[in-house]
**Q** 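Structure below; questions to follow.
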Amino acid sequence: MITPEQVRDLRENGWRDSSPAGDQIDASLRADEHRLDGSAVEFSPWARMVPRVSAAMDRALATPTVLPDLPALRRLSVERSNIGDRRPQQYGRAVVEPATTSERAAFRRMLEAATTGPVGLRTVVIHGEGAQLYSAPLPDTRATDAAADIQPDAWLPESEPFGAAALVAYPVPYGYSTARVARLALEGAMWCYWCDDWRHHEQIPFALIVGAGATAHVFPTCPRCRADLDHAAGVHPDKVLTFVTNDGWDAATGYPADRWR
Ligand SMILES: [Zn+2]
């Protein structure tokens, strides 16, 4: 039984009983990167001040997402992670040594843990027309259907397509940061979320990244739309909106670790 004092505490001080689930959720809500002075890196902390971005976030939060299976997450590899603490190599001449079998196996287990728990899940979602979709495979019902002699889709309501494609939520596994997953997931993105001018033109150079609890939403942005958004954000746009660059530097320099970027 919760007492009135506890309710007041909860409202005013964010108090809660200690619980494993609560701790996991809190942990996933914490920043995963810090500046040298110890302050947390937040993504677009004042994004709601820009009406266009605020509307995009409303749409983003209402868009269904799904954590895909491991084969759909090929971009997240041990060679591209922070593991190994690689420094930048000469631009365009980088050679990344392939990981050993045991390193790959260990990373695969960590990636699996990042998609199945047990701890709170930190994810990154890329939005827009070319974003990766994933649909959960239909369960194999043939054996039971044959026994029951019913048509497999006879009982599925038409209004609810089972296994419908949803936007991929990339997990942030061990060895990665939210921004690092965002940069990798953006590789090859050739659309601007905000306008129709940038379509299959070339790799999109920027993306707006907005934090929402344990999920970071990413909106590919062309130079002109970035200028518009920066203008709308006021006199200190870098304090309002956070952009990641998508210029191929990471690939060209051998995917150096975050702290050497
Ligand atoms: Zn644009």
Side-chain angles (χ1 to χ4, degrees), residues 32-33 41-66 68 72-76 80 91-92 122-134 164-172 176-253 255 258 261:
D32 65 348
E33 279 185 281
V41 173
E42 290 179 280
F43 300 116
S44 304
W46 300 100
R48 288 289 184 183
M49 284 174 58
V50 184
R52 212 171 159 201
V53 175
S54 188
M57 276 305 286
D58 287 342
R59 282 194 296 276
L61 295 174
T63 305
T65 62
V66 61
L73 295 171
R74 280 183 301 271
R75 281 171 192 268
L76 303 183
R80 293 171 170 187
Y91 190 91
R122 207 188 289 279
T123 54
V124 175
V125 181
I126 312 285
H127 293 270
E129 69 164 21
Q132 194 185 351
L133 298 171
Y134 177 83
L167 271 185
V168 164
Y170 295 89
V172 181
Y176 277 84
S177 60
T178 301
R180 194 174 185 86
V181 170
R183 290 195 300 268
L184 264 188
L186 276 168
E187 279 186 354
M190 296 170 82
W191 69 94
C192 176
Y193 177 84
W194 314 97
C195 74
D196 290 326
D197 294 347
W198 198 287
R199 289 280 182 273
H200 314 292
H201 176 47
E202 54 186 73
Q203 180 154 296
I204 193 88
F206 306 110
L208 176 69
I209 177 165
V210 184
T215 301
H217 294 278
V218 179
F219 306 93
T221 307
C222 74
R224 214 175 70 191
C225 289
R226 174 167 185 179
D228 289 349
L229 291 174
D230 277 343
H231 181 73
V235 283
H236 295 297
D238 53 326
K239 288 199 167 46
V240 177
L241 302 175
T242 309
F243 286 93
V244 288
T245 48
N246 183 37
D247 55 5
W249 187 86
D250 290 280
T253 55
Y255 296 99
D258 286 348
R261 293 188 87 250

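Hydrogens, waters and symmetry mates play no part in the numbers below; they use all other heavy atoms, side chains included. Atoms within each ligand, like the ligands themselves, are counted from 1 in listed order.
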**Q** Suppose the criterion is ring-ring contact (aromatic ring centres under 6.0 Å, His included): which pairs have a residue in residues 206-238, not counting sequence neighbours?
**A**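 Found H127-H217, H127-F219, Y193-F219, W194-F219.
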**Q** Taking the side chain as everything from C-beta on, heavy atoms only, tell me whether V53 gets closer than 4.5 Å to S44.
**A** no
**Q** What residues, two or more places apart in sequence or in another chain, satisfy side chain to side chain donor-acceptor pair (under 3.5 Å) together with D238?
**A** none
**Q** Is D228 salt-bridged to R224, cutoff N-O under 4.0 Å?
**A** no
**Q** Around the Zn ion (ligand 1), what protein N, O or S atoms are found below 2.8 Å?
**A**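 You should have found C192 SG, C195 SG, C222 SG, C225 SG.
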**Q** Nearest 0.5 Å, what's the CZ-OH distance between R183 and Y176?
**A**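 It is 10.5 Å, given to the nearest 0.5 Å.
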**Q** Quick one: side chain to side chain donor-acceptor pair (under 3.5 Å) partners of S177, sequence neighbours excluded?
**A** D258
